[in-house]
Amino acid sequence: MNYIISLIVGALTSIMIYFNGSLSDGYGNLLSTVLIHLVGLIAILLIMVLTHSKMKLPKGLPLYLYSAGFVGIGTVMLTNISYIKLGVSLPLALGLLGQTIFSLLTDHFGFLGMKVVKINPKKLIGLGVIGIGICIMAFQ
């Protein structure tokens, strides 16, 4: 089931890049980023009302976890910039490559308190194949 959810997330991400990039092209990067996150806020508030969700803030969470919003804004703004020149597929592929590299390093060194999972040759081969595929996409 998690594999199917992940595939759906990938499809939704490509749609999001197209919609966000088109908004950015029409309204500019800053205003479109505000609009995108405002619509997201309204959507999640509506979901919370419809599902009768309660919002509880647990105590003791590290402050750096709350910076995810800044990361999200940076991701949207930078993707919007690259979308205009590169289309949808290449920014998505390069973004996934960046996520994969950072995830491998996070696992390998145990960053952010993660359990250490060492990089092995199979992972490096997979990363190489992904890199080759992206090069083929970028330099056609």
> If we only count heavy atoms from C-beta on, is the Lys115 to Val117 side-chain gap below 4.5 Å?
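In short, these two side chains touch, coming nearer than 4.5 Å.
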> Please write out which residues are connected to Leu46 in a hydrophobic cluster, directly or through intermediates, given that two of Ile, Leu, Val, Met, Phe, Trp, Tyr count as joined at side-chain heavy-atom separations below 4.5 angstrom.
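Joined to Leu46, directly or through intermediates: Leu50.
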> With a 3.5 Å cut-off and sequence neighbours excluded, list the donor-acceptor pairs that the side chains of residues 83-99 form with protein atoms.
from	atom 1	to	atom 2	distance (Å)
Tyr83	OH	Ser22	OG	3.3

> Applying side chain to side chain donor-acceptor pair (under 3.5 Å), name anything that partners Ser6, two or more places apart in sequence or on another chain.
none
> Can you measure from CD1 (Ile44) to NE2 (His37) and round to the nearest 0.5 angstrom?
13.0 Å
> For Thr106, enumerate each residue passing the side chain to side chain donor-acceptor pair (under 3.5 Å) test, keeping only those at least two apart in sequence or located in another chain.
none
> Hey, is OH on Tyr3 packed in by over 12 heavy atoms from elsewhere, all under 6.0 Å?
no
> Between Val116 and His108, does a side-chain contact (heavy atoms from CB on, under 4.5 Å) hold up when you go through it step by step?
CA-CA 5 Å; Val116 172; His108 185 77; over 6 Å; no
> Check whether any side-chain heavy atom of Met77 sits under 4.5 Å from a side-chain heavy atom of Leu30, and report yes or no.
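Yes; the side chains approach each other to less than 4.5 Å.
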> Determine, stepwise, if the pair Ile4 / Ile8 fulfils side-chain contact (heavy atoms from CB on, under 4.5 Å).
CA-CA 6 Å; Ile4 293 169; Ile8 293 168; 4.0 Å; yes
> Give me the atom names and distance for the closest heavy-atom approach of Lys122 to Asn120.
N-OD1, 3.1 Å
> So, using ring pair (Phe, Tyr, Trp, His ring centres under 6.0 Å) as the criterion, who are the partners of Phe109 when residues are at least two apart?
Phe111
> Can you tell me if Met114 has over 12 outside heavy atoms packed within less than 6.0 Å of its CE?
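Open.
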> From Ser103 OG over to Leu127 CG, what is the distance, rounded to the nearest 0.5 angstrom?
10.5 Å
> Any luck finding a side-chain donor-acceptor pair between Asn80 and Asn29 under 3.5 Å?
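Yes, a side-chain donor-acceptor pair sits under 3.5 Å.
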> Would you mind listing the cluster partners of Tyr27? Hydrophobic ones only (ILVMFWY), side-chain contacts under 4.5 Å, chaining allowed.
Leu23, Leu31, Leu35, Ile36, Val76
> Say whether, by atom type as modelled, one donor and one acceptor occur between the side chain of Ser32 and the main chain of Gly28 under 3.5 angstrom.
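Answer holds: yes.
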> Can you tell if the side chain of Ile5 reaches within under 4.5 Å of the side chain of Met1, non-hydrogen atoms only?
yes
> How long is the gap from CG on Leu38 to CD1 on Ile42, to the nearest 0.5 Å?
4.0 Å
